Amino acid sequence: MEHFDIFSNIPYAESPVPNPLLEFDLYVPHSGSTAQLRPLICFVHGGAWRSEDKSDHAVLAQKLGASTGFAVIVANYRLTPQAPTAENQLVHPAHAEDVLQLLSFITAWEGPRGGIYLMGHSCGAHMLAVILLNSSRVTPSLTPSPHILLSVRGAILSAGIYDIDALLSRFPSYRMWFIENAFGDHDSYEQFSVTSLPARNTSIRWLIAHSTDDELVDLPQSETMFRHLRQLYANIPHVDTLVTKTVGSYGQHNEMLEAEDYIDVVANFVKGGGRSSTM
């Protein structure tokens, strides 16, 4: 059994008082703890922009670390209140701004120098996509530094929300449940879709993952995102290895993250990939 050094509640943003929503946990497997050039895996949780905590994903972090030998970060970010008021609300892009601040901290931090693999689940996949793809025209505050883009070797987006209008067409109740609170009240959420964003560069490898058993996010979300990325990379050699997908019976929405077959696919992706030199 793999053993870990676990470092909890590391702050990644300045705050006048400790803020647990701006902290991360770091899991360092003993088998990889001395390998400074090993990549780092960074996981951004889901929860509809309104729930979940880094502690919910300790099992995932340890399974990933054991399967890869890489250190794993699981981060928190500020959440939209479940019953927001005029004085207490948080809307997009604030959640993703926290994630970008996390990436800025990690890439400036003394630690592994083998690059970063980013993992996002559900709304976490949306946050990573809106940073890694070019959303600067709509949300300039989500523009990553060149150093961040050069550090990211790959992105694993699982059961992601990518096209909010399409999601609401399939699940109309989501508007009142969490979309309006997280994005505001709009007739259309097309401006927040990541399936129409251009690329910032084409050096990042992508894995789009979805479970056929998912009860909360439908498969067309992932299929549309996969097709969009393939189109962005269409003129890049070896596109079949740069933009890949996995669809399987990995369990329901949250069960997917601890499914052994899913962990194996992710581990093979991060252990097997270099990066393109095309920018």
Side-chain angles (χ1 to χ4, degrees), residues 24 27 38-47 52 54 57 59-75 77 96 99 102-103 106 112 114-133 144 148-149 151-162 194-195 199-200 202-212 214 217 219 221-230 232-233 239-248 250-251 253-276:
F24 66 87
Y27 299 77
R38 289 176 184 259
L40 177 72
I41 299 172
C42 178
F43 177 74
V44 179
H45 69 74
E52 294 193 19
K54 56 186 174 59
H57 301 288
V59 172
L60 168 67
Q62 294 181 62
K63 285 188 174 184
L64 287 171
S67 297
T68 63
F70 301 166
V72 180
I73 279 175
V74 184
Y77 51 84
V99 173
L102 167 72
L103 299 183
I106 293 171
I116 302 170
Y117 282 94
L118 300 177
M119 289 184 65
H121 178 242
S122 195
C123 69
H126 183 280
M127 291 180 222
L128 291 180
V130 82
I131 291 170
L132 297 177
L133 296 179
I148 290 175
L149 292 176
S151 298
V152 177
R153 298 181 64 178
I156 302 104
L157 307 183
S158 304
I161 296 172
Y162 309 111
V194 298
T195 57
R200 295 191 190 275
T202 51
S203 66
I204 296 171
R205 296 171 59 236
W206 299 82
L207 172 63
I208 304 301
H210 208 98
S211 175
T212 54
D214 196 309
V217 178
L219 180 58
Q221 288 285 321
S222 290
E223 291 176 331
T224 301
M225 185 62 175
F226 175 73
R227 287 194 300 269
H228 177 59
L229 291 169
R230 277 291 180 93
L232 293 179
Y233 279 61
V239 62
D240 290 350
T241 62
L242 294 173
V243 180
T244 57
K245 71 175 177 178
T246 178
V247 177
Y250 299 127
H253 189 68
N254 289 320
E255 294 172 347
M256 174 184 192
L257 296 175
E258 296 179 14
E260 297 298 335
D261 288 348
Y262 168 77
I263 297 293
D264 288 345
V265 170
V266 173
N268 288 334
F269 178 81
V270 302
K271 289 192 295 184
R275 61 182 295 137
S276 167

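The shown structure was predicted, so the numbers you read here are calculated from the model rather than taken from an experiment.
- Comment: Lys63 engages Glu260 in a salt bridge, judged by a side-chain N to carboxylate O separation of less than 4.0 angstrom.
- Considering only heavy atoms from C-beta on, Val247 stays 4.5 Å or farther from Glu223 through its side chain.
- Of the possible donor and acceptor atoms, none in the side chain of Arg205 sits under 3.5 Å from a partner among the backbone N and O of Tyr117.
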- Message: side chain to side chain contact (heavy atoms under 4.5 Å, CB included) for Val243 and Phe226? Distances and angles first, verdict last.
- Response: CA-CA 7 Å; Val243 180; Phe226 175 73; 3.9 Å; yes
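- Within the model, atoms OG1 of Thr195 and NE2 of His126 stand 9.0 Å from one another, a figure rounded to the nearest 0.5 Å.
- Between Glu52 and Asn254, the shortest heavy-atom contact is OE2-OD1, 3.6 Å.
- Rounding to the nearest 0.5 Å places CG of Leu229 at 7.5 Å from CG of Leu157.
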- Before giving the answer on side chain to side chain contact (heavy atoms under 4.5 Å, CB included), spell out for Ile263 and Leu60 the whole-Å C-alpha distance, their side-chain angles and the decisive distance to 0.1 Å. CA-CA 8 Å; Ile263 297 293; Leu60 168 67; 3.6 Å; yes
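- In this structure, the side chains of Tyr27 and Val74 come closer than 4.5 Å at one or more pairs of heavy atoms.
- Minimum heavy-atom separation, Ala159 to Met256: CB-SD, 4.3 Å.
- Note: Arg38 CZ to Thr68 OG1 = 8.0 Å, rounded to the nearest 0.5 Å.
- Between atom CZ of residue Phe70 and atom CD1 of residue Ile116 there is a gap of 13.0 Å, rounded to the nearest 0.5 Å.
- The two atoms that bring Met119 and Val266 nearest to each other are SD-CG1, 4.0 Å, heavy atoms only.
- Between the side chain of Gln221 and the backbone N or O of Tyr162, at least one donor-acceptor pair lies under 3.5 Å.
- Proximity of Leu118 to Ile204: side-chain heavy atoms (C-beta onward) are nowhere separated by under 4.5 Å.
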- Task: Check the pair Ser158, Tyr262 against side chain to side chain donor-acceptor pair (under 3.5 Å), reporting the backbone distance first and the verdict last.
- Result: CA-CA 10 Å; Ser158 304; Tyr262 168 77; 2.6 Å; yes
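- Taking the side chain as every heavy atom from C-beta outward, Leu219 and Asp214 never approach each other to under 4.5 Å.
- Relative ring orientation between Phe43 and His121 is described as parallel, the plane-to-plane angle staying below 30° on a 0-90° scale split at 30° and 60°.
- Annotation: side chain of Asp261 is in contact with side chain of Tyr250 (closest heavy-atom distance under 4.5 Å).
- Heavy-atom minimum distance, Ile208 versus Met225: CD1-CG, 4.1 Å.
- Annotation for Cys123 and Gly47: closest pair SG-N, 3.9 Å, computed over non-hydrogen atoms.
- You'll find the side chain of Cys42 reaches within 4.5 Å of the side chain of Ile106, heavy atoms only.
- The shortest distance between side-chain heavy atoms of Ser222 and Lys245 does not fall below 4.5 Å.
- Shortest non-hydrogen contact noted between Gly160 and Val217 is O-CG1, 3.4 Å.
- Rounding to the nearest 0.5 Å gives a distance of 12.0 Å between CG of Leu242 and CG of Leu232.
- Counting only heavy atoms from C-beta outward, the side chains of Val270 and Ile156 approach each other to under 4.5 Å.
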- Task: Walk me through it: do Tyr77 and Val44 pass the test side chain to side chain contact (heavy atoms under 4.5 Å, CB included)?
- Result: CA-CA 9 Å; Tyr77 51 84; Val44 179; 3.8 Å; yes
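- For the pair Thr244 (side chain) and Trp206 (backbone), a donor-acceptor distance under 3.5 Å is present.
- Judged by distance alone, the side chain of Lys271 and the main-chain N or O of Ser67 form a donor-acceptor pair under 3.5 Å.
- Residue His210 holds its NE2 atom at 11.5 Å from OG1 of Thr246, rounded to the nearest 0.5 Å.
- Proximity of a side-chain donor or acceptor of His253 to a complementary backbone N or O of Ser122 within less than 3.5 Å is not detected.
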